[in-house]
Structure formats: structure tokens, C-alpha cells
A.B. asks: 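To start, I am sharing the structure in question, which I have written as C-alpha cells.
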Amino acid sequence: MADEQSPNGSNDANGAQEQDSGAASKRGIWGSKAGFILAAAGSAIGLGNIWRFPTEAANNGGAAFLLVYLACVVLIGLPVMLAEITLGRHTRKDPVGAFKAICPRSLWWLVGALGVVTGLAILSYYSVVAGWTLGYVVRTAGHTFTSDSDPNAIFGAFSCCWWQQILYHLIFMALCVAVVMGGVRAGIERWSKILMPTLLVMLGLLVVRSVTLPGAGRGLAFYLEPDFSKLDFKVIVAGLGQAFFSMSLGMGAMITYGSYLSRKDNLVTSATWVGLADTGIAILAGFMVLPALAIAGITPGVDEGGAGMIFTVLPSVFSQMPWEPYGGIVFGTAFFILLALAALTSAVSLLEVVTAYLVDERKWPRKRATAAVGGLALIVGVPSALGCGAVACLSKVVELQGKSVGFLELMDKVFGKLTLTLGALLISLVVGWVWGIGKAKDEIRHGNSGFAVLGSVWSFLLRFLCPLAIATILVFLIIDPGAIR
Ligand code: PHE
């Protein structure tokens, strides 16, 4: 187990680390395997599971989407996650440095650079949505939602209020910078250990309330009874994109987190635990949100839910908690606090990718790098903050399939779906073909000597299935960009 580390993220080398170079021992390292799993699960579990997954499921056919999503997680997400963690631990570098280390004198480092840019872009709008959860902590605590309030009107007024949008975005980004400045272990690992289990319990309780609400049956049927006529190319694009976003893949977050892992750790079980935890929470979130859609006046599969969907749906659940109004106030407030904290552990991993790049490659001091990246993401996020109603031209930037798309949604389509998918394709190609699957397997065998049968399955999935499936989808997307919805 690693010794205590200094606040800047460095610590003493542990037994397994001693064989590593001096440069490596200057980097932070997770305190234990559980520490890594919790931190990586902290990165994976966030708004992607609770805000994005139910919205995507509602817009893409419910149960049909769920099936596609699960297939994408198992057949594509998990292999890519193992590839990223392996690459990170082997090179002990940020994404750009990792590609430079395995493919020197080539242009493959651009894959890492794409990840760094994607990380910054996702962070910019992620912080806006996370700011909404902070705004909702205040609203639920102040008993804004009663059985006769209109959640749609409340969300509309909130998203149109420019100063609140900027203020909450600023507060969230400042929190994020504060955690990352604390360094890898002190900042990230400790929080995740408490947060993730609490979130799970809270979700469980809310699911019980949601599935027992009057009228829940229709939402449950939509979520669990697949209607294969809904299964089209758009659903596959959405399922794959959601798998990458939710598992924090395709931009080097898992390369960066893997770079703080010790040689003793079993990468296969670590990746599997992270994937299981992430998918489990997403499925639970579906059970919480989809049955409640009807109460909010949304017909799943007919009405499209926008970026604010869960913020209009969940208050109806809270206003029907037992011990009115206290049950709703306590549960609602606690839920939004936990969601904000889960978003924080994810946003921290986005910020960490860009920070690690500046620290490792550009030799910036950690604190300066963190503040600069946080400041930049704050500015880049302003149009997203104003693009959900506050400023008309930013709220309707393009027209896609007859539907006007706001700046925040556009950012999510381009960076949360397109470049993540492209990044995952390139990562699977580099690890599977350029660096070489044999070297990757050797790295995995530190900490997991019996990686024979599973190793062949992984190698097949990573070298053949992942690139072919992802590339096919990207080619179709070039032909029909409107399929990203
Ligand atoms: N996986 C995170 C979530 O579900 C978001 C994220 C995406 C984090 C990509 C890092 C990288 O909220």
C-alpha cells in the first residue's frame, strides 16, 4: 500500500513501484486497489448515469436502447476500458505522453491531444449541468416543489436566468479546481470512498418510490419490454456514445487514472468492477426516472426530452414522498447534493486529464495548471450556460432533423458523442495493432498471471470487433450526421 502522499499528488514509491523509473515515483499513486476502483467508478458514475442515461433511453425507444447499451458496454466498452487502463499503467503518463511513449516519432500522440481537447470541451458544459444540480439543492431545500407547482415552468425560469446559470457554473468549476489541486489521492480518492456507496443507497430508495407511483406501469413497460421496431441506426449510435460517455472512455480519463495504479493490481478485475458499478447505477437511474415521466406529462417515446428532462421529472417524485412536505424536502435535497458530488468526482477526472497533460508534458506546476484549465473551461462553458434559454441565439444554434438544438446540446453531440467515439476507435487501433496486443497483455500479466483464455477474448474484441463496429458507425454518421440525436 502506498504511503501518505503530499498534497501535490506525489508520494513515496511503494514496493511494486520501486522497479519503476524515478519519474514514475514522483507521480501520485492510489492508496489501494479499492481506492483506484472507487476513484475510477467516481469518474464513471456521474451526470452520465443519472442525467444523460434516462434522457437517452426516453428518446431512443426505452428497452430497445437498454439492450443496445448493455451490448455496447460488454462488447466494446469493457475492452476499451481495459486497453486505456493498461496503457496508462504501462506508461505512467498523461494521454499525450502515453502515446508518445508507446509510439515514438509518430503522429499517434495526436490521439492523446484529441482526448485533452475533448476533456476540456466536455468539462465546459458538464459544469453547467452540474451547476443545475446545485441550483436544485437550493430549490428543493426551499420547498419550491409542491404537488401543485409546475416543474417545467420552474426549470424554464431557472435555465433562462443568465446570472444564476453563470453563478452555479462558476461555483461548480471552483469546487472542481479545489479538489484537483488537492492531488490524486488526497483530493479524489477520499471523496469517492464515501460518496459512491451513499449515492447507491439513495438511488435504491428513490427507485422504490418511483416504481410504486400511480401510473408507473407504463414507464416500466417502456423501459423493460423491448419494441424492436424502435431499433434503428440512431439507437445504436446513441447506445454506443452513451457507453463511452458513461464509462469515461475515448478521451484518456482512464489512461490518466490507470497511470496512478500500482503494478500489483489486477487490471481485469478493476476494469470489470468499474464497468459493473457504472452500468448498475445507470440501470437504477432508469428505474427512478422513466416510471415518473408520465406524472411530468411526458409520454416516453413520443415526446422528446431535452437536456433539462430529469430536472422536470424528479421534482414530481419528491413531491409525492411520504411525510409531506418533509419527506420530499429531505430526499430531494439529499439527492441533489449527492448528484452534485457524483458529478464532481466525474468532472474532476475531466479536469485531471488536461491538468496531467500540462504537468507531465509542459512541466507546469500542478496548482497553476489546474487553475488555468479550470478558468479556460469556465469561459468555454459560458455559451452553454446561456444556451438553454437565457440567450435566444445560443439556444437555437443549429437545426437537426427539424429540431432546433441549443449550444449545450450541440457541445454534447460533438464532444460527448462524436469525438469520444472517434477517440475510442483510435485507442483500440493503437493498443490492438500499433503498440501490439502482446505488449499490452504482458502489462496486464503483472498482477494477473492467468490471463490466457480471457486474454484471447479481449484481444479479439479489441482488435477486430471494436474497430470494425465503431468505424462502421462513424462512416454512417459521416453520411447522415443527423443520426446523432
Ligand atoms: N463518465 C462521466 C459521467 O458519467 C462523464 C465523463 C465522460 C467523465 C468522459 C470523464 C470522461 O458523468
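In each ligand, atom 1 is the first atom listed, and ligand 1 is the first ligand listed. All heavy atoms count here, side chains included; hydrogens, waters and symmetry mates do not. This chain uses plain numbering: 1 for the first residue, then up along the sequence.
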A.B. asks: Show me which atoms of ligand 1 lie under 4.0 Å from any heavy atom of Leu350.
C.D. replies: 8 (C), 9 (C), 10 (C), 11 (C)
A.B. asks: Are any of the heavy atoms in Tyr126 under 4.0 Å away from ligand 1?
C.D. replies: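 Right, Tyr126 reaches ligand 1.
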A.B. asks: I need the atoms of ligand 1 closer than 4.0 Å to a non-hydrogen atom of Ser349, numbered in the order shown.
C.D. replies: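 Those qualifying, in numeric order: 8 (C), 10 (C).
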A.B. asks: With a 6.0 Å cut-off on the ring centroids, do Trp132 and Phe155 count as close?
C.D. replies: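 Yes, the ring centres sit under 6.0 Å apart.
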A.B. asks: Side chain, backbone, both or neither: which part of Arg52 has a heavy atom under 4.0 Å from ligand 1?
C.D. replies: neither
A.B. asks: Using distance alone, determine whether Phe245 and ligand 1 share an N or O pair under 3.5 Å.
C.D. replies: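 Yes, since at least one N or O of Phe245 sits under 3.5 Å from an N or O of ligand 1.
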A.B. asks: Which atoms of ligand 1 sit under 4.0 Å from any heavy atom of Leu47?
C.D. replies: 12 (O)
A.B. asks: For Met251, counting its heavy atoms only, list the atoms of ligand 1 lying under 4.0 Å from any of them.
C.D. replies: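 Going through ligand 1 atom by atom, the ones under 4.0 Å from Met251 are 9 (C), 11 (C).
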A.B. asks: So for ligand 1, is Leu420 a polar contact partner (N or O within less than 3.5 Å, distance only)?
C.D. replies: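 No - when backbone and side-chain N and O of Leu420 are compared with those of ligand 1, no distance drops under 3.5 Å.
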A.B. asks: Just say parallel, tilted or perpendicular for the rings of Tyr69 and Phe65, cut-offs at 30° and 60°.
C.D. replies: parallel
A.B. asks: Relative to atom 4 (O) of ligand 1, which among Ala253, Ala40, Gly250, Ala44 owns the nearest non-hydrogen atom?
C.D. replies: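 The option holding the nearest heavy atom is Ala44.
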A.B. asks: Check whether any N or O atom of Asp278, backbone or side chain, sits under 3.5 Å from an N or O atom of ligand 1, and answer yes or no.
C.D. replies: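 No, no N or O pair falls under 3.5 Å.
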A.B. asks: Would you confirm whether the ring centroid of Phe336 sits within less than 6.0 angstrom of the ring centroid of Phe318?
C.D. replies: yes
A.B. asks: Could you tell me whether Asp265 and Arg89 make a salt bridge, using a distance below 4.0 angstrom between a side-chain N and a carboxylate O?
C.D. replies: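 No.
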A.B. asks: Show which atoms of ligand 1 fall inside a sub-4.0 Å distance from at least one heavy-atom site of Ser246.
C.D. replies: 1 (N), 4 (O)
